[in-house]
Amino acid sequence: MRIGYPCINRSIGCSANRTFRLANYSEKRLFETVAGNLDCLFRILRENVRNGFFFHRISSDLVPFASHPVCIHSWQHEFAADFTAIGKFIRAHGIRISMHPDQFTLLNSPRVEVVERSVAELAYHAEALDLMGLDEDARIQIHVGGAYGDKAAAVERFVERFHLLDHAVRRRLAVENDDRLFTFADCCRVFERVGIPVIFDNLHHAVNSSGEDLPSVFRRLSQLWPTRCGVPMTDYSDQAAEAKPGVHAEHLDAESFAGYLRATVGHDFDIMLEIKDKEKSAAVALAIARREAAARLVGASEMFCRNHVLRSLTAENCPGVGCKAKNSDYS
DNA sequence: TCTGGTCAAGGTGGT
DNA sequence: ACCACCTTGACCAGA
């Protein structure tokens with residue numbers, strides 16, 4: 001199990017998702033911005049490793065306007081060495097990477113222009129991950145899309161468009177259950193049609209599902225991720241108190257998170273914490289996960305420890321000497 | 001220097 | 001047909 005937070009680190013003092021207004025677009029502006037974003041991304045990743053966060057979502061703004069017609073400049077060539085270096089670091093430390101194009105990326109829109117823009121946006125994401133030399137466990141996560149008054153037909157259009165995508169995109173795609181239209185069960189149907197893994201989002205599931213409990217969701221989930229794609233990716237958030245259902249909490253709810261881990265014991269998966277205070281809650285979550293894992297590992301063999309606990313957890317719990325000695329740290 | 005209106009992109013649902 | 005809302009950060013024009 002690896003734990004991480006999306007895109008932005010609030011304490012490190014740099015931003016890896018800086019952008020600018022389209023009206024101010026220039027090659028100079030683009031290259032300066034991308035250079036800064038890549039530099040900051042590398043800093044964030046190093047800081048994450050230091051803190052035990054081995055799952056990270058890279059911002060879609062890494063290269064602003066990358067899929068826009070205005071972008072005729074070869075950022076790929078200009079920054080090839082930077083992408084390579086970051087990718088090498090990612091692989092060396094076993095960091096799991098995801099990217100999440102935003103709501104405008106819609107494969108199943110009835111409008112041809114919308115689909116064309118979406119395909120270009122997906123191609124950009126795949127290209128960024130390819131330049132880093134990452135394999136298929138680095139995923140591009142999107143939603144199924146709009147319903148357009150007929151969910152079944154909307155899924156059919158998704159399937160149809162999926163088959164037209166380049167291999168570079170198809171091999172990295174994953175669909176996530178959303179909070180309004182397409183449930184986890186709907187995403188599983190997409191999996192059955194095109195074989196792309198499903199990213200489970202607990203808060204969306206709480207707001208929009210047919211009520212499957214966590215154990216049944218995770219039993220299914222484990223069937224949706226072939227080895228080459230890595231362990232299942234999940235998004236975790238708590239509901240913000242006194243806000244509309246589906247709104248992300250400002251801080252992690254320690255008790256809820258511990259309960260979530262207990263309800264999913266026995267499954268290996270990575271957790272992206274979509275909590276507003278980012279790395280702060282990720283640190284709390286990591287401490288909770290280590291505590292829970294340690295509690296489970298008391299009396300367990302070193303072999304069990306080595307084989308069954310996620311990397312974030314093993315980094316300190318299982319330094320290769322056996323886990324019992326370290327359990328006192330968490331009791 | 002500060003601030004709030006606005007920013008590439010779409011869809012849904014209420015009126 | 002039209003408009004507010006979704007959800008978020010940060011850009012940047014104007015004060």
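Chain identifiers are assigned alphabetically (A, B, ...) following the order of the sequence lines, protein sequences preceding nucleic acid strands; residue numbering begins at 1 within each chain.
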**Request:** Starting at the 5' end of nucleotides 4-15 of chain C, put B wherever the base has a protein heavy atom under 4.0 Å, S where only the sugar-phosphate does, and a dash everywhere else.
**Result:** --S-SSBBS---
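As rounded to whole Å, 10 Å separates atom C1' of dG11(B) from atom CZ of Arg111(A). Rounded to whole Å, atom P of dT12(B) lies 14 Å from atom CZ of Phe104(A). The distance between atom CD1 of Ile142(A) and atom P of dG11(B), rounded to the nearest whole Å, is 14 Å. Nucleotide dA9(B) holds its P atom 8 Å from the NE2 atom of His68(A), rounded to whole Å. Rounded to an integer number of Å, the gap from CZ of Arg157(A) to P of dG11(B) is 10 Å. Rounding to whole angstrom units, CG of residue Asp61(A) and C1' of dC7(B) are separated by 11 Å.
Comparing the P positions of dT8(C) and dC2(B) gives an interatomic distance of 26 Å, to the nearest angstrom. Rounded to whole Å, the P atom of dT7(C) lies 23 Å from the corresponding atom of dG4(B). The same atom, P, is picked in dA8(B) and in dC2(C); the two are 23 Å apart, to the nearest Å. A distance of about 15 Å separates the P atoms of dA4(C) and dC7(B), rounded to the whole Å.
Within 6.0 Å of CZ on Arg170(A) lie more than 12 heavy atoms contributed by other residues, nucleotides or ligands. In Lys278(A), the NZ atom is crowded: over 12 heavy atoms of neighbouring residues, nucleotides or ligands sit closer than 6.0 Å.
Side-chain contact between Leu62(A) and Leu41(A) is present, with heavy atoms from C-beta onward closer than 4.5 Å. Considering only heavy atoms from C-beta on, Leu45(A) comes within 4.5 Å of Phe89(A) through its side chain.
Asp235(A) and Gln141(A) share a side-chain donor-acceptor pair at under 3.5 Å.
Across every strand in view, dA15(C) sits in a pair with dT1(B) that passes the Watson-Crick or G-U test at under 3.5 angstrom. Base pairing of dT8(C): no nucleotide in any strand meets the Watson-Crick or G-U wobble criterion (both distances under 3.5 Å). Across all strands shown, nothing is found opposite dA8(B) as a Watson-Crick or G-U wobble partner with both distances under 3.5 Å.
A cation-pi geometry, defined here as NZ or CZ lying under 6.0 Å from the six-membered ring centre and within 45° of its normal, holds between Arg46(A) and Phe42(A).
Within 4.0 Å of Ser118(A), counting heavy atoms only, lies no atom of the nucleic acid at all. Within 4.0 Å (heavy atoms only), Tyr148(A) reaches sugar-phosphate atoms of the nucleic acid but no base atom.
Note that the CZ atom of Phe200(A) and the OG1 atom of Thr234(A) stand 8.0 Å from one another [nearest 0.5 Å].
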